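Nothing here was measured: the structure is a model prediction, and the numbers come from that model. FYI, side chains are in, hydrogens and waters are out, and symmetry mates aren't considered; it's all heavy atoms of this structure. Residue indices begin at 1 and follow the sequence shown.
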Amino acid sequence: IFLNAERKIKLGNSIYDCIPALKKDHNNALSKVLRGKTVQFDYAFEKINGITKWFSITINPAHNNRDQIEGFCITSSDITERKKDEKEISDYKYALNQSSIVAITDQKGIIKYVNENFCNIAQYSTQELIGQDHRIISSGYHPKSYFKNLWTTIANGEIWRGEIKNKAKDGTIYWLDTTIVPFLDEKGKPHQYMAIRTDVTERKHAEFRLNKSEHQFRQIVETAQEGIWQLDENNSIIFVNKKISEILEYPEVEILGKKPYDFMDADGKEKHLKALERRKKGISENYEIGFISKTGNHILTNISANPIIDNSGNYKGTLGMVSDITQKKKTEVLLEKSNRLALMGSWEMDVTKGTVFWSDITREIREAEPGFSPDISTGIGHFIEGSDRQTISQRLQQCIDKGTPWDEELQLVTFKGNLKWVRTIGQGEFFEGKCIKVYGSLQDITERKKAENERAEMISD
């Protein structure tokens, strides 16, 4: 330390010539040593070539064989690098705030410094971390290529930013949004790295939950047996699921950006535009509409349309559920034709609400006006008074009380006063032991009964 220009120790000179700092503290520092105490301080020594070196100076009393203090023993440690680190930490003191999680490592990844926040989240003490490889908190989550990119970036003196998943002492996993800043030496080479981190664990958990929900929602949407589409405020299709493509026989790319009526028949287009005006008023509804598929097939669908309204009450689009009811309609038409040939209608009674439904053929058999809404007393009251009316009343009550079905041939008087023979069949629907619905069929068997009576008369004659 104390070499002169001729590289010779100036023996015999005053210690103050070597360590001028002692002059300022002579009475304090050296007096402590003379009292048998050890003195330690840091000292900046400027060599002749202008390079400043820092040393940690320790002065101990030197004793003779009679244990008397007769001089001083001075030792020193070069702490120039440590002082540089301290200065660099000071230069980055903006990072050492209450919310930041800070660590400093050397170029080999050995931890040199951690702040209190780092210890708190990692659940290690400062003593347990200093001198350890940074991988002490590694979770093993990231691939090698991830950290290869990190180290390549900072080794080139560039700042790296990213998210790192770490593991605390007790095994708890946490996520940190991380910025790593290289410290460069006088040659421009990185010799230490400061990692400034922010805890984003809650955000990552929220993202995971959201991604999981989105994945589950996507699975539901894509496997749904109904077509799902979304229209924007300009009536353009901005989303379709797989089922829509199957119904229309168009790939998704040929549907997105188009208008729904581009795929509809003429009647469907007119109906859609009218429905769109209702949607803009916030009205949800179900309606049937026809499409023409890519191969030219006519597809009949049922659409459940719901408007999308923002917080300001503005119309932003429509979410629609599209069901292909082509086959169902064909079946209904065939059933209707079969029922008409057999003169058979259907009926249903809601026991809880006390309401009754008649199909069109049932109304025709009873010769009621189209659209007529019956009630229970009307349905029973038209059976001829006496045993027939009593029979139907008993069968209905037994079905409600005990679930007993019936199949009876009885006579009733129509709304126009005509007498008809009908076959009435009924059964109940139960929920939690209680009858909630009774439904069945009504068939006009008047002609069959006439034929049976005529045959009976011929046999008797």
Side-chain angles (χ1 to χ4, degrees), residues 211-310 315-342 344-346 348 357 359-361 364 370-371 441:
N211 290 336
K212 184 178 180 181
S213 297
E214 288 179 348
H215 175 69
Q216 291 174 335
F217 175 74
R218 171 62 68 173
Q219 283 187 314
I220 293 171
V221 168
E222 290 301 334
T223 58
Q225 294 304 304
E226 289 182 303
I228 301 173
W229 66 13
Q230 184 177 342
L231 315 178
D232 64 14
E233 61 268 35
N234 299 314
N235 197 33
S236 295
I237 302 170
I238 59 175
F239 170 82
V240 292
N241 71 342
K242 183 179 179 181
K243 191 64 178 179
I244 287 286
S245 294
E246 292 177 1
I247 293 172
L248 299 181
E249 299 179 339
Y250 283 92
E252 178 182 326
V253 68
E254 294 184 29
I255 300 175
L256 296 179
K258 300 288 184 64
K259 310 292 185 184
Y261 54 68
D262 291 333
F263 307 96
M264 294 176 180
D265 58 23
D267 181 62
K269 180 177 180 179
E270 182 181 354
K271 188 180 293 186
H272 169 73
L273 291 175
K274 290 180 180 179
L276 184 60
E277 294 305 311
R278 294 191 291 274
R279 215 71 63 246
K280 291 178 179 180
K281 296 177 182 179
I283 299 173
S284 300
E285 62 180 332
N286 292 313
Y287 56 94
E288 293 181 1
I289 211 160
F291 289 90
I292 304 298
S293 74
K294 190 172 184 177
T295 58
N297 292 320
H298 187 269
I299 309 297
L300 187 62
T301 66
N302 179 268
I303 296 181
S304 174
N306 296 279
I308 300 173
I309 308 296
D310 65 16
Y315 171 77
K316 304 303 291 183
T318 297
L319 182 64
M321 308 287 285
V322 184
S323 302
D324 184 352
I325 59 172
T326 308
Q327 216 41 56
K328 178 184 174 183
K329 277 294 180 180
K330 288 180 179 179
T331 302
E332 288 178 355
V333 170
L334 289 174
L335 181 61
E336 178 75 8
K337 290 179 178 179
S338 299
N339 287 342
R340 287 195 175 279
L341 289 173
M344 181 180 292
S346 60
E348 183 178 293
F357 165 80
S359 70
D360 290 340
I361 297 177
E364 291 176 11
S441 61

Mind checking what makes side-chain hydrogen bond (donor to acceptor under 3.5 Å, both in side chains) contact with Ser441, not counting sequence neighbours?
-> none
Side-chain donor/acceptor of Asn241 to backbone N/O of Ile228, under 3.5 Å | yes
With no hydrogens and no angle check, do the side chains of Ser323 and Asn302 hold a donor and an acceptor under 3.5 Å apart?
-> no
Go through the structure and list residues passing side-chain contact (heavy atoms from CB on, under 4.5 Å) with Ile237, not counting sequence neighbours.
-> Trp229, Leu231, Val240, Ile255, Leu256, Pro260, Phe263
Charged N-O contact under 4.0 Å between Arg279 and Glu285 | yes
Here the gap from Asp262 atom CG to Ile292 atom CD1, rounded to the nearest 0.5 Å, amounts to 13.0 Å
For residues His272 and Tyr287, report the shortest heavy-atom separation together with the two atoms involved.
-> ND1-OH, 4.2 Å
Roughly how far, to the nearest 0.5 Å, is the CD1 atom of Ile247 from the CG atom of Asn297?
-> 13.0 Å
Heavy-atom closest contact (Pro307 atom, Ser284 atom, distance) | CD-OG, 3.1 Å
Inter-residue atom distance Phe291.CZ - Thr301.OG1, 0.5 Å rounding = 4.5 Å
Is the backbone of Leu300 close enough, under 3.5 Å, to the side chain of Thr326 for a donor and an acceptor to pair up by distance?
-> yes
Would a distance-only check, ignoring hydrogens and angles, find a side-chain to backbone donor-acceptor pair under 3.5 Å from Ser245 to Pro251?
-> no
Hey, are Glu270 and Lys274 close enough for a salt bridge, meaning a charged N less than 4.0 Å from a carboxylate O?
-> yes
Here the gap from Glu233 atom CD to Tyr315 atom OH, rounded to the nearest 0.5 Å, amounts to 8.5 Å
Roughly how far, to the nearest 0.5 Å, is CD1 of Ile299 from CD of Gln327?
-> 10.0 Å
Where the side chain of Lys271 meets the backbone of Glu288, is there a donor-acceptor pair that is under 3.5 Å apart?
-> yes
Compute whether any side-chain donor of one residue and acceptor of the other, for Lys259 and Ser236, lie under 3.5 angstrom apart.
-> yes
Inter-residue atom distance Leu276.CG - Ile283.CD1, 0.5 Å rounding = 11.5 Å
Mind listing the closest non-hydrogen atom pair of Glu249 and Ser293 along with its distance?
-> OE1-OG, 2.9 Å
